[in-house]
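From a predicted model like this one, the values you see are computed outputs, not experimental measurements.
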Amino acid sequence: MKKKILFVVTNHVKKGNTGEKTGFYLSEVTHPWDILVNAGYEVDFVSPKGGKAPVEGFNLSDSTNKKFWLDTEYRHKIENTLKPENINPENYVAIHFAGGHGAMWDLPNNKQLTAIATKIYANNGIISAVSHGSAGLLNIKLTDDKYLVDGKKINAFTNEEETAVKLDKAAPFSLESKLIERGAIFEKSGLWQTHFTVDERLVTGQNPQSARAVGEALLEQLSASETISKLTMYEVKENASEQFRKALKDYVTASLLSKDNIMAEAFYEQEKPNILWLIERWNGKSQLENFSKNKQAKALQSLTEKSLKASPKIYYVKDLEPLTKEQWRKTSKKEDNQLVIMLFVDGKKGTEQNFKDTYHVAMPQFRSEPGVVTYQLSEIEGDETQFVTYEKFRSNDSFQYHLNFPPIKPVIEYLETSIKKPPFQNGLHNLIEFAPMTRE
């Protein structure tokens with residue numbers, strides 16, 4: 001079965017007291033739709049009342065609009081939208097709120113649609129919105145009763161754009177101002193410029209010109225959510241260390257040549273050279289399984305059965321701030337004295353969301369440090385209180401700078417007060433890379 005995405009469209013037909021008609025803006029449906037169906041996803045449509053959805057921005061000189069309008073299956077769907085009570089959120093990996101001025105009147109206060117979006121997000125799904133579609137985000141709350149948009153970078157139709165189309169007085173409220181009131185960090189560009197932003201499984205775009213970019217960003221987030229991330233620790237017998245390292249290096253080299261691989265690296269621990277780590281990410285479970293039939297994978301597996309002191313320890317993790325393949329494969333420079341830290345954190349029950357929220361604020365700042373090559377926080381699957389950070393620095397001086405970087409203070413405070421065991425004594429691993437060892 002194809003994976004499904006739910007598009008939300010408005011039923012509202014009038015722009016306040018202007019006498020002008022409104023509805024969903026056609027390109028804000030068709031451009032993301034085109035990206036997603038071409039990638040193999042199926043799209044369903046829902047509206048507050050169900051049935052035929054009114055259209056605004058009906059422009060068939062736009063080839064994507066025309067393609068959608070001539071597609072009999074999807075034309076039928078948009079003219080027979082589902083009602084919220086007919087939707088099972090468990091069936092969808094994402095929900096997209098299309099704009100058009102009508103969205104301002106009937107999307108924000110529809111409790112059923114809000115509940116659907118909340119459930120999809122809680123199931124690790126993705127929420128996207130474009131232009132006035134961001135009105136549908138206003139009353140979505142997380143499990144801690146915070147608004148979804150609170151503290152997140154958000155994009156939507158701006159106050160300046162509303163004034164430019166002379167509808168700032170007709171609209172029921174100012175969307176930009178209301179989002180800021182809810183705690184959003186509002187971003188924007190000039191009139192009619194393409195602008196989108198991504199923040200913690202939330203993708204938003206400014207205007208109709210941003211619709212395709214929103215679709216592409218949503219697809220990237222969906223791809224990241226399907227990624228399988230795996231950390232494997234091997235404790236190798238002393239007399240088998242050299243042979244096992246070679247097999248691991250061959251595995252990494254072959255992995256990186258596969259189109260389905262996102263990243264693959266191998267390390268030994270500085271203090272315990274017979275402890276080896278394989279860190280890898282793949283586009284999906286089946287892709288990793290297919291690669292396991294490769295001769296390098298079979299050779300590594302054969303050695304594993306006879307060269308280890310104990311069975312490998314495997315951690316499957318979920319990246320909380322996903323990186324792209326290009327970001328994962330960013331490397332140190334030739335002149336760098338690279339330092340790689342992996343830190344396992346075992347949080348106290350009930351504090352895990354605080355840890356994620358703390359890191360969510362700090363992560364972009366960490367990644368922008370001049371001495372940081374890669375920085376990632378992941379949740380260990382099967383236990384929501386356990387996390388692991390992966391931190392790659394250009395040098396020890398860069399790491400020391402990081403430890404004194406002001407945004408790290410709330411993270412350190414959490415580590416000192418809200419975990420079961422001191423992580424720097426029990427969960428810290430200083431890693432030395434031996435594969436692939438590529439450098440700029």
Side-chain angles (χ1 to χ4, degrees), residues 5-10 28 32 46 48 89 92-162 171-189 195-207 210-211 213-215 217-218 220-222 225 320-322 353-354 356-365:
I5 299 168
L6 186 64
F7 275 37
V8 183
V9 292
T10 179
E28 295 177 21
V46 64
Y92 299 95
V93 295
I95 182 169
H96 171 70
F97 290 86
H101 274 86
M104 297 277 282
W105 276 269
D106 64 353
L107 296 192
N109 297 312
N110 189 288
K111 293 182 179 180
Q112 289 176 298
L113 290 174
T114 297
I116 290 168
T118 301
K119 184 63 175 177
I120 290 173
Y121 193 79
N123 288 342
N124 291 315
I126 299 159
I127 296 177
S128 68
V130 62
S131 192
H132 292 95
S134 291
L137 310 178
L138 282 170
N139 292 316
I140 298 173
K141 289 188 174 182
L142 304 176
T143 51
D144 60 0
D145 208 39
K146 282 180 60 178
Y147 286 108
L148 170 70
V149 300
D150 189 2
K152 292 189 178 68
K153 294 179 288 184
I154 298 293
N155 216 202
F157 206 71
T158 67
N159 289 345
E160 292 84 355
E161 286 170 324
E162 207 69 83
F173 55 88
S174 161
L175 181 53
E176 175 184 335
S177 300
K178 186 65 73 173
L179 285 164
I180 293 170
E181 183 184 307
R182 290 281 193 264
I185 303 167
F186 196 87
E187 294 188 348
K188 57 183 172 181
S189 294
H195 190 135
F196 74 94
T197 188
V198 179
D199 198 339
E200 199 178 336
R201 292 187 288 117
L202 180 59
V203 182
T204 48
Q206 181 167 318
N207 45 35
S210 307
V214 167
L218 174 54
E220 187 172 291
Q221 289 292 300
L222 287 164
S225 70
L320 298 180
E321 305 279 345
Q353 189 58 50
N354 180 37
K356 288 190 275 190
D357 290 344
T358 300
Y359 251 105
H360 174 66
V361 173
M363 188 79 75
Q365 300 173 84

For the [atom1] atom of [X] and the [atom2] atom of [Y], what is their distance to the nearest 0.5 Å?
X      : Y      : atom1 : atom2 : value
Phe157 : Gln206 : CZ    : CD    : 8.5 Å
Ile127 : Phe97  : CD1   : CZ    : 6.5 Å
Leu175 : Lys178 : CG    : NZ    : 10.0 Å
Ile126 : Ile120 : CD1   : CD1   : 11.0 Å
Lys152 : Leu179 : NZ    : CG    : 12.5 Å
Asp106 : Leu113 : CG    : CG    : 8.5 Å

Can you give me the closest heavy-atom contact between [X] and [Y], atom names plus distance?
X      : Y      : value
Gln221 : Val203 : CG-CG2, 4.0 Å
Phe7   : Pro32  : CZ-CB, 4.0 Å
Ala94  : Leu222 : CB-CD2, 4.1 Å
Ala103 : Ala98  : CB-O, 4.1 Å
Ala156 : Phe186 : O-CZ, 3.6 Å
Gly151 : His360 : O-NE2, 4.3 Å

Answer yes or no: is there a side-chain heavy-atom contact under 4.5 Å between [X] and [Y]?
X      : Y      : answer
Ile185 : Thr197 : no
Leu107 : Pro48  : yes
Tyr147 : Asn139 : yes
Tyr121 : Ile140 : no
Leu137 : Leu202 : yes
Trp105 : Pro172 : yes
Glu176 : Glu161 : no

Could you check whether any side-chain N or O of [X] sits under 3.5 Å from a backbone N or O of [Y], counting only pairs where one atom can act as donor and the other as acceptor?
X      : Y      : result
Arg201 : Gly125 : yes
Asp199 : Lys153 : yes
Thr158 : Ser189 : no

CA sep, side-chain torsions, deciding dist, call: Val46, Ile95, side-chain contact (heavy atoms from CB on, under 4.5 Å): CA-CA 10 Å; Val46 64; Ile95 182 169; 5.7 Å; no
Heavy atoms of other groups near Lys356 NZ, more than 12 under 6.0 Å: yes
Asn159 side chain to Ser174 side chain, donor-acceptor N/O pair below 3.5 angstrom: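 Short answer, yes.
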Side chains of Ser210 and His195, donor plus acceptor under 3.5 Å: no
Trace of the side-chain contact (heavy atoms from CB on, under 4.5 Å) decision for Val214 with Thr204: CA-CA 7 Å; Val214 167; Thr204 48; over 6 Å; no
Parallel, tilted or perpendicular: rings of His101 and His132 (30°, 60°):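 Taking His101 first and then His132, their aromatic rings sit tilted (interplane angle of 30° to 60°).
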Option passing side-chain contact (heavy atoms from CB on, under 4.5 Å) with His96 (candidates Val9, Val8, Val130, Leu6): Val130
Intermediate values then yes/no, side-chain contact (heavy atoms from CB on, under 4.5 Å), Lys141 and Arg182: CA-CA 11 Å; Lys141 289 188 174 182; Arg182 290 281 193 264; over 6 Å; no
Worked verdict on Leu148 versus Thr118 for side-chain contact (heavy atoms from CB on, under 4.5 Å): CA-CA 9 Å; Leu148 170 70; Thr118 301; over 6 Å; no
